[in-house]
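Beneath this line is the structure, given in structure tokens, with notes to follow.
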Amino acid sequence: MNKYLQDLIKLSKFDTAISMFEPKIEKEKAKLATFVETAEAIKASINTLYLEIDDVKSKRTKNNIHLSELKTKLDNIAKKNKDVANDKELKALQLEEEIAKEQISFANEEIERLDNLTVSKDERLKELQAKLAAEEEDIKEIQVAVDNIIEEINNDRNSVYQQRSELLEKFDNKILTFYEKIKRWAKDSAVVPVKKQACYGCFMKINDKTYAEVIKAEEIVNCPHCGRILYKEDEEKEA
């Protein structure tokens with residue numbers, strides 16, 4: 001095989017490998033991000049619950065104050081009963097007393113409802129806090145695993161960069177310029193194999209003459225359809 005073609009194949013494979021490192025890293029980070037997002041959602045729910053519990057307690061306090069005022073009002077009505085002068089005043093006080101007692105009953109019911117609601121929200125809060133603690137433990141474990149994998153990926157990337165740099169040191173400048181021009185639009189498919197007499201860049205069938213030149217591998221051959229650099233893989237590798 002033509003030496004320049006061999007170098008181009010190596011360089012293309014290095015560039016393809018390099019371009020795959022970042023997606024691999026992002027994929028690992030995405031694993032962690034999923035757990036972090038879940039934890040953040042739980043935190044948001046916990047904060048909302050705290051606000052709701054505070055609101056319920058505030059309403060209970062207001063009802064307690066109102067209840068205290070109503071009891072004071074009943075005491076005053078009881079005192080006024082002693083000084084009632086006629087039936088009209090008596091009926092008016094009785095009506096006022098009934099209304100106050102109804103309001104007391106309603107206030108007690110509302111306090112009971114708010115207490116039950118507080119208990120329910122407190123239980124939900126404990127559940128979420130336990131869930132958050134478990135999620136944060138998972139995040140710690142996954143963070144370690146992801147960091148280790150990313151470190152391995154970066155080590156592999158550095159190794160490929162090093163090999164690529166060593167290859168470029170002895171690379172022909174004209175051939176490199178030629179490759180870079182194709183790579184601008186073809187990206188990682190600037191150099192592609194021919195399989196079943198078709199370019200594996202544009203997937204168009206090449207003619208017999210071009211195919212024969214690719215098999216000989218004495219010269220650098222471009223796809224007549226797309227312009228990519230073509231090569232024929234070893235039969236064993238292709239299989």
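For K59, the NZ atom sits in a loose shell: 12 or fewer heavy atoms of surrounding residues, nucleotides or ligands are nearer than 6.0 Å. Under a cut-off of 6.0 angstrom, the local environment of CZ in F14 is crowded, with over 12 non-hydrogen atoms contributed by other residues, nucleotides or ligands. No more than 12 heavy atoms of other residues, nucleotides or ligands shown are found within 6.0 angstrom of NZ on K10. Shown here is E219, whose CD atom has no more than 12 heavy atoms of other residues, nucleotides or ligands within 6.0 Å.
When all heavy atoms of R113 and E110 are compared, the pair lying nearest together is NH2-OE2, 2.8 Å. In terms of heavy atoms, R228 sits closest to C202 at NH1-N, 3.8 Å. Nearest heavy atom pair, residue T210 against residue N222, reads CG2-O, 4.3 Å. Closest approach of E28 to V146, counting heavy atoms only: O-CG2, 3.6 Å. Between H225 and K205, the closest heavy-atom pair is NE2-O, 2.8 Å. Considering all non-hydrogen atoms of both residues, K57 and T118 come closest at CE-CG2, 4.3 Å.
Put simply, the side chain of S12 does not reach to within 4.5 Å of the side chain of D188, judged on heavy atoms. A 4.5 Å side-chain heavy-atom check between L176 and L8 finds every atom pair outside the cut-off. Contact of the K73 side chain with the E97 side chain is not registered, since no non-hydrogen atoms from C-beta on lie closer than 4.5 Å. The side-chain heavy atoms of Y50 and D55, taken from C-beta on, include no pair separated by under 4.5 Å. Between I150 and K29 the shortest side-chain heavy-atom distance falls below 4.5 Å.
Hydrophobic clustering of Ile, Leu, Val, Met, Phe, Trp and Tyr side chains at less than 4.5 Å, counting indirect connections, unites Y161 with L167. By the rule that hydrophobic residues join a cluster once side-chain heavy atoms approach within less than 4.5 Å of another member, W185 and F178 end up as members of one cluster. Side-chain heavy atoms closer than 4.5 Å link hydrophobic residues (I, L, V, M, F, W, Y) into clusters, and following such links, possibly through other members, connects I175 to Y231. Linking ILVMFWY side-chain heavy atoms closer than 4.5 Å, directly or via other members, places F35 and L128 in two distinct hydrophobic clusters.
S58 contributes no side-chain N or O that, together with a main-chain N or O of D54, makes up a donor-acceptor pair within less than 3.5 Å. A distance-only check finds a donor-acceptor pair linking the side chain of T177 to the backbone of N173 [under 3.5 Å].
For the atom pair CD1 of I9 and CD1 of I229, the computed distance is 9.5 Å after rounding to the nearest 0.5 Å. How far CD1 of I53 is from OG1 of T48: 11.0 Å, rounded to the nearest 0.5 Å.
Between the side chains of Q197 and D208, at least one donor N or O sits under 3.5 Å from an acceptor N or O. Using a 3.5 Å distance cut-off with no hydrogens or angles, the side chains of Q143 and D147 do pair a donor with an acceptor.
Ionic pairing of K101 and E98 is not present here: no N-O contact between side-chain nitrogen and carboxylate oxygen is shorter than 4.0 angstrom. Salt bridge K131/E135: absent, no basic N to carboxylate O contact under 4.0 Å. With salt bridges taken as basic N to acidic carboxylate O contacts below 4.0 Å, one links E22 and R157. Using a cut-off of 4.0 Å between Lys/Arg side-chain N and Asp/Glu carboxylate O, R124 and E127 are scored as salt-bridged. Using a cutoff of 4.0 Å between basic side-chain nitrogens and carboxylate oxygens, D75 and K79 are not scored as salt-bridged. Using a 4.0 Å cut-off between charged side-chain N and carboxylate O, D122 and K126 make no salt bridge. With respect to K140 and E137, a salt bridge is recorded, a charged nitrogen being found less than 4.0 Å from a carboxylate O.
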Check your understanding: Please walk me through it: do N116 and E112 pass side chain to side chain donor-acceptor pair (under 3.5 Å)?
Key -> CA-CA 6 Å; N116 290 334; E112 185 180 356; 4.5 Å; no
Check your understanding: Step by step, would you call D15 with Y179 a side chain to side chain donor-acceptor pair (under 3.5 Å)?
Key -> CA-CA 11 Å; D15 287 343; Y179 166 77; 2.5 Å; yes
Check your understanding: Are Q163 and S159 close enough, and set up right, to give a side chain to side chain donor-acceptor pair (under 3.5 Å), and what steps lead you there?
Key -> CA-CA 6 Å; Q163 292 176 65; S159 175; 3.2 Å; yes
